[in-house]
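These notes concern the structure reproduced below.
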Amino acid sequence: MIAPETVLFPGGAGWELWKFSAKSAPKCEHNPPAKSLPPAKKLLLAIPSRTLMPVPLWVSSEGDPCELAELELSGRHLVRRDAEVRTIPVDSVGGRSLVLAIAIGDDPANEFPKAGFFDIPARMLDPGAADVAVWRESGAICFGFYRSGRCVTFSATGEPSPGPAFCGFLSRLALRLRAEDIIPGLPSTVRLIGDFSEDDRASLAGSLRAEVELISPAPPPAIPSSPVRILPPSARRAGETRAVFKRFALLGSIGAAVYLLALAALAGDLAVRTLRLQNARAEAEAVAPAAEEAKKLVTEWKEFQSAVSPHSFALDQLAAVATELPGEQVRLTQFTIEAGRIILAGEAPEISQAYQFLERVKKSPVLQDYDWTSRQPQLAGKNKVRFEMEGARPDAKTREE
């Protein structure tokens, strides 16, 4: 993929189009018309912070971070039906991973331009050694909290200046992030980036009781080495539409050639199929007596298998399932055997333990005759995850039977 050469960034006074070149310093064009934008494959769009909903989360290192984050946000009823959810890794401690989950929807006040790359402003501004960075997007104050130089959360406040209301909100959020171990301690350094005054710096330093550094004017945004693949729903739908059109065009050209070849090969293929059919009928007639005898043996075995096979006893199968429970806090709430099927349901304190139990059941030697399927575990409250799975033997009867 071609690397982006231009960045469309939500600056303090509106959109800024930054053009980067190895031969000259970056150049900026304010509020560029849509016609002057470069091709999508060369453009990186910094999505305005006001359209994003960031949520820092601690998740298990064993599962898929994006799936776990989407499950958590859905459980909190924070995600709209058409929203995209992506995660950015921040840190890993023990068996937990700290990720920044981001949900994005379309901005009703602005139609996003076509772009080949997307990222968030908080990752494109340099916080230096500061714990908090503050900047403006279209006149509104925005901020981001950082942990070892990586953004853990950000927000657009709607405040025109870093006054008492902004400082109070920042302090309360810092306390909550510290209590959740998202940040190691309360912020001691803040970096103001952009068009701020010395009075703004002094006011912020006095209200937060922190060292405040003023960087003005704002430096060019940095292009991340690996931009976040987070797309607004409209951009995702537009990309899917373009991909469909490209596939249709390619299939159309290929289809014409394949059609001509198919006509030429049809006569020969028909003759080969006819010959194979005749050979198959002859082989079927030759093995018919042996097949009938084998079918009879299989039927007889099915009739008394449950009486002679220890693995088919319900108590043995229940004991095999109970043996695979990974801990005392994981328990079964349902164990049903009927018509060659086993239905299991239970509860676990963590999603990782639920997945661990499901995988261990599938590998149990006593239960190898069953083909196992499982649903995705569901949150059922604090420290409670419900899981279900079903196993079926090859000779299991359907519910209609």
[Y] and [X], any side-chain heavy atoms less than 4.5 Å apart:
X	Y	result
Glu137	Arg50	no
Trp15	Pro48	yes
Leu214	Val212	no
Thr6	Trp18	no
Arg178	Asp181	yes
Phe196	Val134	yes
Ser352	Phe357	no
Pro224	Leu44	yes

Gap separating the [atom1] atom of [X] from the [atom2] atom of [Y], nearest 0.5 angstrom:
X	Y	atom1	atom2	answer
Leu173	Thr153	CG	OG1	6.5 Å
Phe9	Cys28	CZ	SG	10.5 Å
Leu318	Ile337	CG	CD1	7.5 Å
Leu52	Arg86	CG	CZ	13.0 Å
Thr87	Leu100	OG1	CG	9.0 Å
Glu180	Leu98	CD	CG	10.5 Å

Ignoring hydrogens, what is the shortest heavy-atom contact between [X] and [Y]? Give both atom names and the distance.
X	Y	result
Pro56	Leu177	CG-CD2, 4.0 Å
Ala218	Ile193	CB-CG2, 3.8 Å
Leu57	Arg76	CD2-NH2, 3.5 Å
Leu73	Ala101	CD1-CB, 4.3 Å
Leu325	Leu332	CD2-CG, 4.4 Å
Leu170	Val132	CD2-CG1, 4.2 Å

Ignoring hydrogens and angles, write down the donor-acceptor pairs under 3.5 Å from the side chains of residues 155-166, residues two or more places apart or on other chains.
unit_1, atom_1, unit_2, atom_2, d
Thr157, OG1, Ile141, O, 2.8
Thr157, OG1, Glu159, N, 3.1

Looking at [X] and [Y], would you say the former's side chain and the latter's main chain have a donor-acceptor pair under 3.5 Å?
X	Y	value
Thr333	Ala345	yes
Ser36	Pro32	no
Ser216	Gly194	yes

Start with the C-alpha gap between Phe335 and Ile342, add the side-chain angles, then the distance that decides, and say whether side chain to side chain contact (heavy atoms under 4.5 Å, CB included) holds.
CA-CA 7 Å; Phe335 180 84; Ile342 296 180; 3.9 Å; yes
Criterion side chain to side chain contact (heavy atoms under 4.5 Å, CB included) on Leu192 and Ile215, from CA distance to verdict:
CA-CA 6 Å; Leu192 280 174; Ile215 306 296; over 6 Å; no
Just do the side chain to side chain contact (heavy atoms under 4.5 Å, CB included) check on Arg150 and Ser148 with the steps written out, would you?
CA-CA 6 Å; Arg150 294 187 175 183; Ser148 301; 5.7 Å; no
Please tabulate, one pair per line, all N/O donor-acceptor pairs under 3.5 Å involving side-chain atoms of residues 89-97, not counting sequence neighbours.
unit_1, atom_1, unit_2, atom_2, d
Asp91, OD2, Arg147, NE, 3.1
Asp91, OD2, Arg147, NH2, 3.2
Ser92, OG, Arg96, O, 3.4
Ser97, OG, Ser61, OG, 2.9

Which pairs would a plain distance check flag for residues 358-365, meaning a side-chain donor or acceptor within less than 3.5 Å of a matching protein atom at least two apart in sequence or in another chain?
unit_1, atom_1, unit_2, atom_2, d
Arg360, NE, Glu324, OE1, 3.4

Could you list the donor-acceptor pairs under 3.5 angstrom formed by side chains in residues 375-388, with sequence neighbours left out?
unit_1, atom_1, unit_2, atom_2, d
Arg375, NH1, Glu388, OE1, 3.1
Gln378, NE2, Gln376, O, 3.2

Only one of Ser188, Ser203, Ser171 forms a side chain to side chain contact (heavy atoms under 4.5 Å, CB included) with Leu208, so which one is it?
Ser171
The test is salt bridge (charged side-chain N to carboxylate O under 4.0 Å, His left out); show your working for Glu338 and Arg341 and say whether it passes.
CA-CA 5 Å; Glu338 56 178 11; Arg341 297 178 182 272; over 6 Å; no
Under the side chain to side chain contact (heavy atoms under 4.5 Å, CB included) rule, what do Tyr146 and Asp131 come out as? Steps first, then yes or no, please.
CA-CA 5 Å; Tyr146 294 82; Asp131 304 313; over 6 Å; no
Output a table of donor-acceptor pairs, distance under 3.5 Å, between side-chain atoms of residues 273-287 and any protein atom two or more places apart or on a different chain; print 'none' if there are none.
unit_1, atom_1, unit_2, atom_2, d
Arg273, NE, Asp269, OD2, 2.7
Thr274, OG1, Leu270, O, 2.9
Asn279, ND2, Leu275, O, 3.4

Mind checking whether Tyr370 and Trp372 have parallel, tilted or perpendicular rings, split at 30° and 60°?
tilted
Taking the cut-offs as 6.0 angstrom to the six-membered ring centre and 45 degrees off its axis, would you call Arg123 and Phe154 a cation-pi pair?
no
Residues pairing under salt bridge (charged side-chain N to carboxylate O under 4.0 Å, His left out) where one sits in residues 204-222, two or more places apart or in two chains, turn out to be Arg191-Glu213
